[in-house]
Amino acid sequence: MNLGYACLNMTLAKDKITSNRGMIKRTFIAKGLPYCSELALQNARDLFKIVQWNTRNNIKVFRMTSNMFPWMSEYELTDLQDWPKIENILKAIGKHANENDVRLSFHPGPFNILCSPKKEVVEKTIKELDQHSFILDTMGLEVSRKHKVNIHIGGAYGDKETAMKRWIQNFYKLSDSTQKRLTIENDDKVSMYAVEDLLYVSKKTNVPIVFDFHHYDCHPGILTKEQALKSALETWPKDIVPITHYSSSRKIYEDSTVKNVAHADYLYEPIPFTDKYVFDVVLETKMKELSRIKYLKEFTLHETT
DNA sequence: CCAGGTCAAGGGAGT
DNA sequence: ACTCCCTTGACCTGG
């Protein structure tokens, strides 16, 4: 099992090394593409530093932030004036990832709703998802779930089956690369999608399921944890190690006043089933790579390379 | 420099 | 009807 983390490196962020530079709408309107380009260039340079830091620390799985290109649903990346420079950096990051067997992925935000009954929402979602896979393609990363773009179904509207049918229809409108990279994740709300729901979509489209342990605890559905994990893992292609998400409940371990779904700063239980099944893990803890270090100290873990 | 308010989008839950 | 939460904390303003 390879243990990774998401988006932000707390250690490097102290030295202002981050790929999360963004802007609010007002600034986007005022400053437009030139400023997007400037931020994206800095973000790309810093992403390279983060990925290199990860390699030095033997971290092979990393979720990149969608903030890397601010407002990217509003323009083409190739229209940025610094695109040639940015493209070179992305290619260098991809080369580094390939040479070091690093898995880079994305998790676009909750506004990406492929099953929305609203045409504009679906169109915007398609554009944004395709932008994500375009970045991965530019990096030269294998077009497969080795480097995934992960989303939730996005809405239930009180009728999951109809919503899932819409999702499946719209799935085929995505770019070829996005179709080959997309994965779906189980939800943390009882009205939303548990693993057994996602299996329906997965069977129709071959889209694999990312099993989120914390979301399962919030919304288990009808399957036991092992059944849910196992059936999610089985949706992945045989030649790709499945990815899962893991975090501890903030409510149980750190602050009883918050909601169930809140993520804790650190991890408080060993990740289960790692001896029985093969999968990688993206940690979704607030303290990012620091929680990984703490976890490895507290829970003995045999990492595969 | 820092604290506090604010911030893109959709949908669901809580009040 | 309104507010908060979630991908992700970061941006922006005023002191």
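Taking the ring centre of A:F279 as origin, the terminal cationic atom of A:K230 falls outside the region bounded by 6.0 Å and 45° from the ring axis.
Rounded to whole Å, the P atom of C:dA10 lies 24 Å from the corresponding atom of B:dG10. Between the P atoms of B:dG12 and C:dG9, the separation comes to 24 Å (whole Å). Across the C1' atoms, B:dT6 and C:dC5 are found 16 Å apart, a figure rounded to whole Å. Nucleotides C:dT3 and B:dC7 place their C1' atoms 15 Å apart, quoted to the nearest Å. Taking atom P on both nucleotides, B:dA8 is separated from C:dA1 by 24 Å, rounded to a whole Å.
No contact: A:K127 has no heavy atom under 4.0 Å from any strand. Within the nucleic acid shown, A:K118 comes within 4.0 Å of sugar-phosphate atoms alone, with no base atom in reach, counting heavy atoms only. Within the 4.0 angstrom heavy-atom criterion, no nucleotide atom of any strand lies near A:I151. Using a 4.0 Å heavy-atom cutoff across all strands shown, A:S66 reaches no nucleic acid atom at all. Using a 4.0 Å heavy-atom criterion, one finds that A:S73 contacts the bases of the nucleic acid, with or without backbone contacts as well.
Rounded to an integer number of Å, the gap from NE2 of A:H245 to C1' of C:dT7 is 10 Å. For A:K25 and B:dT6, the NZ to P distance is 17 Å, given to the nearest whole Å. Rounded to an integer number of Å, the gap from CZ of A:F111 to C1' of B:dA9 is 5 Å. For the pair A:Y193 OH and B:dG10 C1', the computed distance is 13 Å after rounding to whole Å. Across the protein-nucleic acid pair, A:H219 atom NE2 and B:dG11 atom C1' stand 15 Å apart, rounded to whole Å.
Using a 4.0 Å cut-off, no side-chain N or O of A:K189 falls inside it from OP1 or OP2 of C:dC6.
Nearest nucleotide to the A:S191 side chain, out of C:dT7, B:dG10, B:dG12: B:dG12. If you check B:dG12, C:dA10, B:dG10 against the side chain of A:L8, the one that comes closest is C:dA10.
In summary, the side chains of A:E226 and A:Y277 do present a donor paired with an acceptor at a separation below 3.5 Å, with no hydrogens or angles considered. Using a 3.5 Å distance cut-off with no hydrogens or angles, the side chains of A:E76 and A:T78 do not pair a donor with an acceptor.
Partner of A:I86 under the side-chain contact (heavy atoms from CB on, under 4.5 Å) criterion, out of A:N88, A:D82, A:I89: A:D82 alone. With A:T244 as reference, A:L229 is the one residue of A:V282, A:D280, A:L229, A:T274 to meet the side-chain contact (heavy atoms from CB on, under 4.5 Å) rule.
Ring geometry for A:F48 versus A:H96: interplanar angle over 60°, hence perpendicular rather than tilted (30 to 60°).
When the shell of 6.0 Å around NZ of A:K127 is examined, it contains more than 12 heavy atoms from other residues, nucleotides or ligands.
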Between protein and nucleotides 11-15 of chain C, what N or O pairs are separated by less than 3.5 Å?
| unit_1 | atom_1 | unit_2 | atom_2 | d |
| --- | --- | --- | --- | --- |
| C:dC11 | OP1 | A:G22 | N | 3.4 |
| C:dC12 | OP1 | A:T27 | OG1 | 2.2 |
| C:dC12 | O3' | A:R26 | NH2 | 3.3 |

